Structure formats: structure tokens, C-alpha cells
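Take a look at the structure set out below.
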Amino acid sequence: MKGFLDNIPVPSVPTWPFNSKDGDGHEFDIKAEIVLQKTYLADVTDYSATLSDTLFELIGKKVFLQLVSSDQIDQDTGVGKKGEETSISWNPLDGPIAGDTKYSITFKWKSELGVPGALLVTNTHAREFFLKSLTLSAVSGKLPALRFFCNSWIYPYYLYNKTARVFFSTESHLPDATPAGLITLREQELTTLRGNGTGERQLWDRVYDYDVYNDLGKPDTNPDLSREVLGGSQDLPYPRRCRTGRAPAKTDRKFESLPLLPTTQFFIPPDEKFPHINLSDYRANLVRAFAKKVVPTLKSIFGDKFNSLEDVKAIYSKGIPSSINSVMELSRDLIPLQMVKGLLSTQDQALINYRRPQVFEAEERAWKTDEEFARQALSGLNPMAIQCVQTFPTSSSLDADLYGPQQSSVTTDHIEKYLDGVSVEQAVEDKRLFVLDYYDAYMPYIERINKQSDELKMYASRTFFFLTDEGTMRAVAIELCLPHTSVSQAVRNVYTSAEQGEEGALWLLAKAHSRVNDSGYHQLISHWLRTHAVIEPFIIATHRQLSKMHPLHKLLLPHYFDTMDINQSARQILINADGVIESGFTPYRYAIELSSKAYKYWKLNEQGLPADLVKRGMAVPNSTAPHGLKLVIEDYPYAVDGLEIWSALKQWVSDYMSLYYKSDDSIKRDKEVQAWWTEIVNVGHADLKNESGWYQMESVEEAVEAITTIIWIASAHHAAVNFGQYAYGGYMPNLPTVSRRLIPEKHSFEHAQMLKDPEAFMLSNVSNPTQATTVMAVLELLSKHSTDEVYLGQVKGSTPEWTDDEGIEEAFKRFSSSLVSVENNVTERNKNPVLKNRYGPSQVPYTLLYPSTSDLSKEGGLTGRGIPNSVSI
């Protein structure tokens, strides 16, 4: 919705007062207001601007509109009968340079045609424009208002084979209840959106289709920048992305060629690209501009390491120093300079100013404490990775012949002294022993990762924690593992908590390696794979199989806003070969390929929060407990806040669905829903179609669970892993993304250096200044809320289109009210000094799942709170 509904009149009359059966032949005028959105002449989104039309094109009747009857059918076409054609014209004096522009028009309509159900729009201008809405106003107190929410780019009609664009009114219809005059239009529109699966997509093509990830590499540029195709195989499965149809690469036809111009965007359907009025809020292009303009400058400034924590601290007080050349480079193109202005400074000759992140703000050395290190496993960026230990020692499912011993080398002797007198056996039985186990995720790639460069060295880690009597976590052991190779034996080194001496220095290094594993897993799997990548096939299938008049389409649409746009930007500059993620995270060229291995085990029915908690042993079913679950750690902020949101969200979906589906049979009969779900499973997630975990979509209960899960992924899950990135990762020592050296051998020169200055040695072993500052800058951009953000439970402007259906507005109000209660609960919990995991030594409150339904929260920026409706950054 994203503000496109602002200032649209809300109808005051709920029903149409007459129908085609009246047949009195009376003709009358229907007054209407049409809203267009103009964009800037220098539109940084690269989408054509309305005002770029010539003056001649802007003056005159160039856009034609017709209303279509819902129930009176033209026997020649099979489509509802049409009213008289009317037109609109505009000129440069009609409104502001950018923003909404409203026009009054008049339709001629006959009462015998009954209720208009569709709008046909024909654009004979030379350029496209963005049509927001059309509202038919009441006439003489007899005719009620009807609304058409379009929110669509209207390209010249000759690009649509000289056919008009069709839009439906806001009234929802299940397929078998479609008014007779709209049936053919409904089917034709879906056919258009599916396309024929051939040819290269053009900017104006309204086609949603699937493809594998064969566009991340640059084989024609450099053979070393070739990457594996993800998707289409059992070895490297992946969710599908939007098909562009570009020609194959010249050097290897299994890859897709890249655009000729590096600034050209990958194709996505035009209605996935909205005209953002506020330049600083257009986030996908903001990231692109930063990566292309600022990162090369950073690489030219820094040395190869931080020598002390004071060097890191200086970044926040001094910023990145500028030079005449670096400023000139940024100034060559005004638009990218504007787009990164939030990071640029005009004072003290600094090119970029970094804000002090929250984890570093209140207590500069809190990150070093074991308590804060452990707390972040529950309350940091990646709270969905920790597991309750079920058996001890833990073990791997990987082939021991390939990777070494399956069983962990962490023993009772290693950890029992840290368990406050509790035996390991009792700690497991009482559910007080936990682990971050990244062994299986990383081990298959460790040898290849470590061969890439002398500056990239990595372990696969297991990190163990104990739940104290106070309810806080204590880190007790870290296991760092290497596979056996043709020249070396497998390594299974165990380090335990210590503060001083050699053991303290080794423990500091071990924690850094554990954090590198965690930061990589967070970014590649918890964030990119489990939100951005997996949701895209749902978006594509929704447009291909669910008509815009389908109530489920309307329910899901707000949760898809901007996702395909940010995903195509990510494929160009973040997850691509030599992109920001590869350059800034240790797996380097294997980063996204590694996420493919994790996708093998992805199951939709485990992505909802309750199922996820049970799977990880972090909760057990309990019919008498709130939400039907008993948490094994009562002070687990992500789970406590999240379960309240999940419950509210599921109730809203259930209330919404119940208005349309009165029985399980009604779900089975819905041919669009059945086609939608079949395509999601068999095409969008084709590599997993034969795996378990798919709902069958044969009951209302299953449908509610599936849809709640989809919305949870797009909203709350994404918020939890995205908007705290700068708060925790903006201070590199707290969350390094690169490990550059292995633990030094005893009696080596490096070992002596470690003992001499453990902090300096640790810094020399993790992200270097260029890597750190690049990642920090991108994390700041990704962590920012837009000032026009629309949060869960909130609609900007007037009521959304689906509230024209009776009963939904009240259900949505209940949903919004329940989220206000969640906000109040989060606030109270954060005030409770007993709940120490909500703040910890760093004093960063857990607000990532604070819904922010109030307009008072619209300041945007690094708020660290709020759950946007969609994966929009």
C-alpha cells in the first residue's frame, strides 16, 4: 500500500442502490476523480517520468477510460458491456513537479448496465505514467462511490498490442462468484501476467515468471568471477527468482549475460517498481549507489589492519578522511551523491561519518564480556540459530570419512566446572545446555574457503552455553574444527572461558571465530535465504495465479511491497560475484552457494515461529501455556515478543479467511488458490517439491497456517534479522565478518605476538579496515527504516482496498489493537530489571519486534524498532 491510498475519498454509501434489472434506460453522468503520481525529471529510479513527455504530448486528450459492467455481457466479446469512452488531459501547470496530481472527469453511464466492475485505460502518450486510483463519486445522492486502486505504470498502448489496461474495483470475489461480466477479463488478465515463458523481458512487460539463479557470476568479464548456477539441481537447490530472459553468456550458455550497462537494472515487472518521491528513501538504489561509488573510495584509503581498539573507535569520531580525488569522484554524478548524503559529511574534511552503534554507545567494552557474548545468541541479530542440547556430546550428520569425526570433542571435563555444580547430564535433562552449532553448515566448504587466499582462514564452530539460575546465558566452551585433508588431520580444538593469560587470549580469539561463523550464517541464511530468497516465488505465483480481485491477493499484497526490487538490486551488488557480501564475509566466492546447502533442509511448515521453536528444542508444546508453548528459557526476548505477534497475526488471518471460506470444501473448490499453491510448490520451490513440509491447502486451517507463515517471514522474521544490523554489526569487534588467520600454534612467532597484546592480535585476525568500514556502511543503510514505512497492523492514508468488503475493517482494527498491546508488553518487559537478557551489559534494549503501529514512530532512520509489512530492504 505504502502511502498510495493517501487522500482517496472513503465511500459513504455501502451498496449500489439499483442494478441492471431495473432496465429503465436512464443515462446519467458519473463524476470521478483520477489520481496520477508524477516523478522527478531527474528520476534516480531510472523509471521514466511523466514530465519527460514533450509539451506537445502533455497537452491534449491522450488517455482514454471506459467503465465495464459487472453483469451485463456483450455477446460478441463475452465481456461486460462498456460505457462511453471518456478522456483526461494534463499540462505542466496541472500540479507540482512531483507527487500526486488529481483530475476530475465525467463518465456517461446507463442504469441498465448495472454496477461498473472494471475500468479500461488506454494511454496514447509517448511515455508511461503512474496511475494510482480512480474514485467514482456519488451523484445526486443516488449513486454511491466506487473505488479502483490501480497503483500501476501505464505504458503506451502500442506496447500492449493496442489493448487497454484493465483494473477491477475494490470488491473481492472468489473465482466461482465472479460477476458474469468480469469472468473473461479476470482470466485474460492472469494470462497476460503469466506470459509465454520466452523472450527477453522489456521494461513494460507485465510478466511474472521464474528462473534459476544463473546471473550472479560474470564469466564473460573474468573466468574467476564465474559462479555456480543455484537452483535446478539436487546438489545446489534454490528458490526461483524473477525471469529476465536475457541472452546466455558468451563463454558458458548455462549462465545469463549481464546488462550491457552496469547501471542498468535487472528486469522486474514494472508494477514492482514504485515511484518514490523521497529520494533518500529509495533504498534499493541507495545501496546500489553506495556500492558503486563509495566502496572503491574506501579501498583506496585504508591499510591492512587495525592496530588497536582505539583505531576502530576513531572511525566514529573522525569519520573516513576525504581527499580531493575522493570527493571529486563522488561529485561527478550528482544523483549518487544525493543518495548517499545520509553518510556523507560536510564538516572536518570527512567523506563519511559513522554513528556510534548501540552495542558500543553505552559501554565501550561490554562486547568483550562473556555475558554479552552469550546474551546476543538470544537477543542479538541471529536469535533463531541457538538450539537446546538434546544429547551430549553433540554430533554431526556429515560423512566422517569426508570431514572427520562426527562427534563433538567437547566433553564433560571441558564444561562441568562452569555449570554451577550441576552435572552435564542434569543440565541436559533440565534443558539448561545450549549450542550454536555451525559445524554442518560450514564444514563441507572449509577446505575450499581456506584455499582461496592467505587472507581468508575459517573454522566450523560449535559454541556451548549454560543457563544460569539468574536466567542469563553463560558461554562455557567453543569448539573450532577443520576437516582432514590430504596433508593434514582433522582439527577439533576446544577452548573454554578464561579472562587472563594464554587461556584468556585464546578464548578471545575463539569467540571472534565463533562470531564470524554467526555473522556469516545470519547474513547468508537467516537473513538472505530465509526471507528475501524464499519469499520471491510466493510473490511471482500470487500475481500469476490469484486475480487482483481475489481476497487472498489483497491480503498478501502489502507483504510483497518492494521485495522484488530490493532482491534484483541484491543480485547486482550484494550477493553477486565480488559483491559486498562476498568481499566482506569469509566464505567469499562460496557465500551464496553455501546458502544453497542450507536450503536443502528448508521446510515451510518449520518457518512459523512456534514450529521453529519446537524444532530447536527452545519450547515444548503445553496446552495450558500461553500460545500453547512453554519456553525452556523464559527470558528469550525474540520468542516472547514473537509469539505474541504470531498469535495476533494468525488471528487476523483466520478472521479474514473466515469471511470468504465457510468450509474446507470451499478451499478445495477455489481453482485460483489451488493453482497458486501447486505452482509455489512445483515451480517456485521446484527443487524441494518432493520433500515434506508443504501444507496441502485442503482445509481452512491449513490455509490459515500457511498464509500466517508467509506473512511472518516477510514481516516479523525479516525485522528481527535486519533492523538491528548496525546496532550490533556497526562495531566490528563485536561482530566481525571475516577471519584472516587460524589460531596460532604454540611456540610460534604469532603465538608470541598473541601473548604480547591479545586485543591487537585479535584485530589483526579479523576484518581489515576496508572490509569493516564497507560492511559497516552497508549495514547502516540496511538497518534504516524509511520515513514512509508502513508497519504491521498499520495502513497509511485512508482505509485499504480490502476494507470495502463487509467485516474486514473491524477484523483489521482488532489486529491493530492487539499489536498495540504487544507494544505495551514489550515496553513493560524492557523496564523489568529481572529480565536481564533484554538489555545485558551493552544496554541495547530488545525492540526489534516492537510493532510501531503509532504514527509517533514514523521518524525513520536507525530506530531499532518496528515491523514493516514486507521485505523492503
Side-chain angles (χ1 to χ4, degrees), residues 1 149 151 167-179 182-183 185-187 189-190 193-194 208 271-272 534-561 563-564 604-605 607-608 649-685 694-715 792 795 799-809 811-812 815 869-871:
M1 307 271 177
F149 290 137
N151 294 330
F167 298 96
F168 301 107
S169 72
T170 57
E171 189 173 351
S172 295
H173 301 285
L174 294 176
D176 59 3
T178 307
L182 305 181
I183 292 174
L185 288 177
R186 181 174 187 150
E187 294 173 350
E189 176 72 353
L190 286 174
L193 292 170
R194 292 175 195 137
Y208 292 78
D271 287 353
E272 300 300 320
V534 301
I535 209 70
E536 188 156 341
F538 290 95
I539 300 173
I540 296 170
T542 297
H543 287 285
R544 286 168 55 88
Q545 300 298 342
L546 296 178
S547 167
K548 286 182 171 60
M549 66 173 69
H550 197 290
L552 185 51
H553 185 117
K554 296 179 180 182
L555 174 64
L556 289 170
L557 192 61
H559 305 289
Y560 295 159
F561 185 85
T563 302
M564 290 180 70
L604 181 65
N605 66 358
Q607 302 309 302
L649 183 57
K650 187 173 180 179
Q651 186 62 57
W652 153 239
V653 173
S654 180
D655 289 347
Y656 185 98
M657 297 289 285
S658 68
L659 295 170
Y660 300 98
Y661 298 100
K662 305 303 182 182
S663 67
D664 292 343
D665 189 56
S666 62
I667 284 284
K668 296 176 186 178
R669 287 198 318 268
D670 189 329
K671 64 180 183 180
E672 288 185 8
V673 161
Q674 294 303 319
W676 171 69
W677 198 249
T678 297
E679 186 167 287
I680 287 168
V681 176
N682 292 288
V683 184
H685 287 275
W694 294 109
Y695 299 102
Q696 298 305 305
M697 208 55 66
E698 293 182 349
S699 69
V700 175
E701 182 181 0
E702 275 192 306
V704 167
E705 194 73 23
I707 293 162
T708 304
T709 301
I710 294 168
I711 297 174
W712 168 265
I713 291 169
S715 57
L792 198 65
V795 176
T799 42
E801 56 186 281
W802 32 256
T803 62
D804 281 358
D805 292 344
E806 187 177 356
I808 293 181
E809 186 172 0
F812 189 75
F815 175 50
N869 275 324
S870 62
V871 181

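Because the structure is predicted, anything quoted here is derived from the model rather than measured.
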Original post:
Would you call Ser172 and Lys554 a side-chain contact if the rule is heavy atoms closer than 4.5 Å?
Top reply: yes
Original post:
Does Trp694 reach the side chain of Asn605, with side-chain heavy atoms less than 4.5 Å apart?
Top reply: no
**OP:** For a side chain to side chain contact (heavy atoms under 4.5 Å, CB included) with Tyr208, tell me which candidate from Gln545, Arg194, Met564 qualifies.
**Re:** Met564
**OP:** Give the minimum heavy-atom separation between Leu174 and Pro551, together with the two atoms involved.
**Re:** CD2-CG, 3.7 Å
**OP:** For Lys662 and Ser658, work out which heavy atoms get closest and say how close.
**Re:** NZ-O, 2.9 Å
Original post:
Taking all atoms of both residues into account, what is the closest heavy-atom pair of Glu679 and Ala541, and its distance?
Top reply: OE2-CA, 3.7 Å
Original post:
Can you check whether His559's main-chain N or O pairs, donor with acceptor, with Ser870's side chain at less than 3.5 Å?
Top reply: no
**OP:** Might you point out which heavy atoms bring His553 and Ser547 nearest each other, and give the distance in Å?
**Re:** CB-O, 3.2 Å
Original post:
Rounded to the nearest 0.5 Å, how far does CH2 of Trp712 lie from CG of Leu792?
Top reply: 9.5 Å
**OP:** Could you verify whether a donor N or O on one side chain and an acceptor N or O on the other, from Gln651 and Asp655, lie under 3.5 Å apart?
**Re:** yes
Subject >> Closest contact, heavy atoms only, Pro537 versus Ile680 >> reply: O-CG1, 4.5 Å
Original post:
Will you find, in the side chains of Tyr560 and Asn869, an N or O donor that is under 3.5 Å from an N or O acceptor?
Top reply: no
Subject >> side chain to side chain contact (heavy atoms under 4.5 Å, CB included) assessment of Tyr695 paired with Trp677 >> reply: CA-CA 9 Å; Tyr695 299 102; Trp677 198 249; 4.2 Å; yes
Original post:
Can Ile535 and Ile710 be said to form a side chain to side chain contact (heavy atoms under 4.5 Å, CB included), step by step?
Top reply: CA-CA 7 Å; Ile535 209 70; Ile710 294 168; 3.8 Å; yes
Subject >> For Trp676, side chain to side chain donor-acceptor pair (under 3.5 Å) partners two or more places apart >> reply: Thr542
Subject >> Minimum side-chain heavy-atom gap Ile539-Thr563 below 4.5 Å >> reply: yes
Subject >> Any Phe561 side-chain heavy atom under 4.5 Å of Val871 side chain >> reply: no
Original post:
Quick one: are Glu171 and His173 in side-chain contact, heavy atoms under 4.5 Å?
Top reply: yes
**OP:** Would you give the length of the straight line joining atom CD1 of Ile707 to atom CG of Leu552, rounded to the nearest 0.5 angstrom?
**Re:** 4.5 Å
Original post:
Is any side-chain N of the basic residue among Glu672 and Arg544 closer than 4.0 Å to the acidic one's carboxylate O?
Top reply: no
Original post:
Is a donor on one side and an acceptor on the other found under 3.5 Å between the side chain of Lys668 and the backbone of Gln674?
Top reply: no
**OP:** Using atom types as modelled and distance alone, determine if a side-chain donor or acceptor of Glu702 lies under 3.5 Å from a backbone N or O of Glu698.
**Re:** yes
**OP:** Please report the shortest heavy-atom distance between Ser663 and Val700, naming the atom on each side.
**Re:** O-CG2, 3.5 Å
Subject >> Ile540 side chain near Leu193 side chain, heavy-atom distance below 4.5 Å >> reply: no
**OP:** Look at the rings of Phe812 and Trp652 and say which category their plane angle falls in: under 30° parallel, 30 to 60° tilted, over 60° perpendicular.
**Re:** perpendicular
**OP:** Look up atom OG1 in Thr678 and atom NZ in Lys671, then write down how far apart they are to the nearest 0.5 Å.
**Re:** 14.0 Å
**OP:** Using the side chain to side chain contact (heavy atoms under 4.5 Å, CB included) rule, take Ile713 and Leu604 through it: C-alpha gap first, then chi angles, then the decisive distance, then the call.
**Re:** CA-CA 10 Å; Ile713 291 169; Leu604 181 65; 4.3 Å; yes
Subject >> Side chains of Val673 and Tyr661 in contact at under 4.5 Å (non-hydrogen atoms) >> reply: yes
Original post:
Which is it for Tyr660 and Asp670 under the side chain to side chain donor-acceptor pair (under 3.5 Å) test, yes or no, and what are the steps along the way?
Top reply: CA-CA 11 Å; Tyr660 300 98; Asp670 189 329; over 6 Å; no
Original post:
Do the side chain of Thr708 and the main chain of Val704 share a donor and acceptor less than 3.5 angstrom apart?
Top reply: yes
**OP:** To the nearest 0.5 angstrom, please state how far the OG atom of Ser699 sits from the CG atom of Asp665.
**Re:** 12.0 Å
Subject >> Sequence-distant partners of Asp664, salt bridge (charged side-chain N to carboxylate O under 4.0 Å, His left out), two or more places apart >> reply: none
Original post:
Does Met549 reach the side chain of Thr170, with side-chain heavy atoms less than 4.5 Å apart?
Top reply: no
Original post:
For the ring pair His543 and Phe538, is the centre-to-centre distance below 6.0 Å?
Top reply: no
